[in-house]
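Sequence lines set the chain letters: A, B, ... in the order given, protein chains first and strands last, and positions in each chain run from 1. The model shown is predicted, which means the values in this text are computed figures rather than measured ones.
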Number of protein chains: 2
Amino acid sequence: MNRRSFHRAPEGERRQELIEATLDCISEFGLKGATVRQIAIRAGVTAGLVRHYFESKDQMVAEAYRAVIASLTEKASKVEGDPETRLRDFIAINLTEPVADSRSISLWAAFISQVRVDPVLSEIHREGYLTFRNSLQELLADFLAAKGKPADAETCRAFAIAINGLVDGLWVEGCLAGDLFREGELVAIAMSSVEALLGTTIGTVKQ
Amino acid sequence: MNRRSFHRAPEGERRQELIEATLDCISEFGLKGATVRQIAIRAGVTAGLVRHYFESKDQMVAEAYRAVIASLTEKASKVEGDPETRLRDFIAINLTEPVADSRSISLWAAFISQVRVDPVLSEIHREGYLTFRNSLQELLADFLAAKGKPADAETCRAFAIAINGLVDGLWVEGCLAGDLFREGELVAIAMSSVEALLGTTIGTVKQ
DNA sequence: GTAGCTATTATTCAAGCGTATAATAATACG
DNA sequence: CGTATTATTATACGCTTGAATAATAGCTAC
């Protein structure tokens, strides 16, 4: 009858630990391997506790997805400084760690693969995507205006779609096969590509 | 004792049906929901038959992944005509159906999410990615040479990385939220973006 | 301190999983 | 036409899953 000792965690903290453990398991073992038991082990508790904090495993996973999106977007959303600096930082942040790493894309892909299956996840995704693209669009509007270039809504929309695609695509490439690129190569390619797209320098120094 | 009637399928055909059923289930129910039983139902056979054609479920899934990559790359790999036409077709093919649809990205994402988990899938992915990017790189080399632009290996490599990223990123955007874009908008944005990147027209007509 | 609350553990359950095996029906071949 | 072959079905097995329940241990308030 050796019942294991334990300590009571403050409300909220344990929830956070469980969500983090969920993400760890999904990235390491896949959605299939992220079982309630495995997650509990990772969080250092027993399986039953999950249902004390969440209505179901599915609900916990959905909240974990929200956390992923937040971690992928929050850093880039709070860039500061003049428009040019903000644009440069936006690109660099999305293509370097911790945003660009294999854990991130594992999590992202795991959830994307469920978008068709689970309408809840689908809605969470769409919300996150639009927020991200809109913040990029505003950033571009400021930047183009500062450069004295046409910055009407339609132009900014097209640029935002293109640059969002470019950055996302390079992010995927880098996350999945970072070893195929030289140090800083992806960021450099992104910078010069954005300059070519916008027809302006963004303050990067050509080698 | 009503044993269900059945017909014997020609060798290879049944394998193909099972792989197709596997992909259907993964895209509709996720990797988790793609159980042997569900796959068998989709294929119109009983579960036991899977093990008659494949050593294990995992092996069947790996072969299914090969099929996905093939379907995503084969159309774009056999573009024909002069370099300019081939480049244009390459872009258009990747951003319109059937390559760009929600089923494709569900499958792609499901496998990407397993790349860290399963070394077999990881190797299959890397192989497919490099093949795809190299064919794009050759395409660009031909195109730039035809346009009388510098086409050294390093330049082509950087362009291939950037354009591959751009196309992949737009592909993801379109697959996940096609309804957010106007008809043909993504292709148009891709075309004009590639023109800006390469500093050349590629024969598209500006609206 | 100690009574009460609840966070946490321990245990149990039915359902579903991948796989193994044996029975059977469709085909191929002499 | 009969027989061997094997693709297919049917059934069973051991294991894992998410969830429900009961027991218990740590904290808080008085």
Side-chain angles (χ1 to χ4, degrees), chain A residues 1-26 28-65 110 114 117-118 120-121, chain B residues 1-26 28-65 110 114 117-118 120-121:
Chain A
M1 265 309 194
N2 286 345
R3 180 169 270 252
R4 61 189 272 188
S5 69
F6 63 94
H7 85 283
R8 303 186 150 207
E11 165 70 26
E13 187 173 304
R14 181 113 304 163
R15 279 180 71 88
Q16 198 55 40
E17 288 170 4
L18 282 171
I19 286 179
E20 206 54 44
T22 302
L23 296 180
D24 284 347
C25 289
I26 292 175
E28 284 183 34
F29 314 123
L31 263 176
K32 213 173 10 183
T35 66
V36 169
R37 285 165 178 81
Q38 195 63 238
I39 291 167
I41 289 173
R42 178 63 60 116
V45 296
T46 52
L49 193 57
V50 165
R51 293 257 317 153
H52 188 265
Y53 283 93
F54 302 92
E55 270 188 28
S56 70
K57 185 202 171 189
D58 283 349
Q59 194 215 316
M60 182 169 67
V61 170
E63 292 204 22
Y65 184 30
Q114 294 291 309
V117 182
D118 187 340
V120 174
L121 295 186
Chain B
M1 265 304 193
N2 287 346
R3 181 170 269 252
R4 60 189 274 189
S5 69
F6 63 93
H7 84 284
R8 302 185 149 207
E11 165 69 26
E13 187 174 304
R14 180 109 310 158
R15 278 180 72 87
Q16 197 55 40
E17 288 170 4
L18 283 170
I19 286 179
E20 205 54 43
T22 301
L23 296 180
D24 283 347
C25 288
I26 292 174
E28 284 182 33
F29 314 122
L31 263 176
K32 213 174 8 184
T35 68
V36 169
R37 286 164 177 81
Q38 196 65 48
I39 292 166
I41 289 173
R42 177 63 59 116
V45 297
T46 53
L49 194 57
V50 164
R51 292 261 314 152
H52 188 264
Y53 282 93
F54 301 93
E55 269 188 29
S56 69
K57 186 203 171 189
D58 284 350
Q59 193 214 317
M60 181 169 69
V61 170
E63 293 205 22
Y65 185 29
Q114 294 291 308
V117 181
D118 186 340
V120 175
L121 295 187

Using whole Å, report how far CD of Gln59(B) lies from P of dT19(C). 11 Å
Could you check if a side-chain atom of Tyr53(B) sits within less than 4.5 angstrom of a side-chain atom of Leu49(B), using non-hydrogen atoms only? yes
Whole-Å distance separating the CE atom of Met60(B) from the C1' atom of dG18(C): 11 Å
Pair listing, salt bridge (charged side-chain N to carboxylate O under 4.0 Å, His left out) test, anchored in residues 43-63 of chain A, at least two apart: Arg15(A)-Glu63(A)
Side chains of Val120(B) and Gln59(B) in contact at under 4.5 Å (non-hydrogen atoms): no
For Arg14(A) and dT6(C), what is the distance between atoms CZ and P respectively, to the nearest whole Å? 17 Å
Separation between CG of Leu18(A) and CE of Met60(A), rounded to the nearest 0.5 Å: 6.0 Å
Please produce a list of atom pairs where a protein N or O lies less than 3.5 Å from an N or O of nucleotides 28-30 of chain D.
none

Mind listing the N/O atom pairs, protein and nucleotides 26-30 of chain C, below 3.5 Å?
residue	atom	partner	partner atom	Å
dA26(C)	N3	Arg8(B)	NH2	3.2

Whether each nucleotide of nucleotides 14-21 of chain D has a protein heavy atom under 4.0 Å at its base (B), only at its sugar-phosphate (S) or at neither (-) is summarised, 5' to 3', as ---BBBS-
What residues, two or more places apart in sequence or in another chain, satisfy side chain to side chain donor-acceptor pair (under 3.5 Å) together with Asp118(B)? none
Would you say the side chain of Ile19(B) lies within less than 4.5 Å of the side chain of Phe54(B), judging by non-hydrogen atoms? yes
Does His52(A) make a side-chain N or O approach to OP1 or OP2 of dA7(C) shorter than 4.0 Å? yes
Could you check how far CD1 of Ile41(B) sits from C1' of dG18(C), rounded to whole Å? 15 Å
Interatomic distance where CG belongs to Leu18(A) and P belongs to dA7(C) [whole Å]: 13 Å
Could you list the donor-acceptor pairs under 3.5 angstrom formed between side-chain atoms of residues 31-43 of chain A and any protein atom two or more places apart in sequence or on another chain?
residue	atom	partner	partner atom	Å
Thr35(A)	OG1	Gln38(A)	N	3.1
Arg42(A)	NH1	Glu28(A)	OE2	3.1
Arg42(A)	NH2	Glu28(A)	OE1	3.0
Arg42(A)	NH2	Glu28(A)	OE2	3.3

To the nearest angstrom, the CG-P distance between Leu49(B) and dG18(C) comes to 15 Å
Which pair of heavy atoms, one from Phe29(B) and one from Val117(A), lies closest together, and at what distance? C-CG2, 3.6 Å
Heavy atoms, side chains only, cut-off 4.5 Å: are Arg4(A) and Thr46(A) in contact? yes
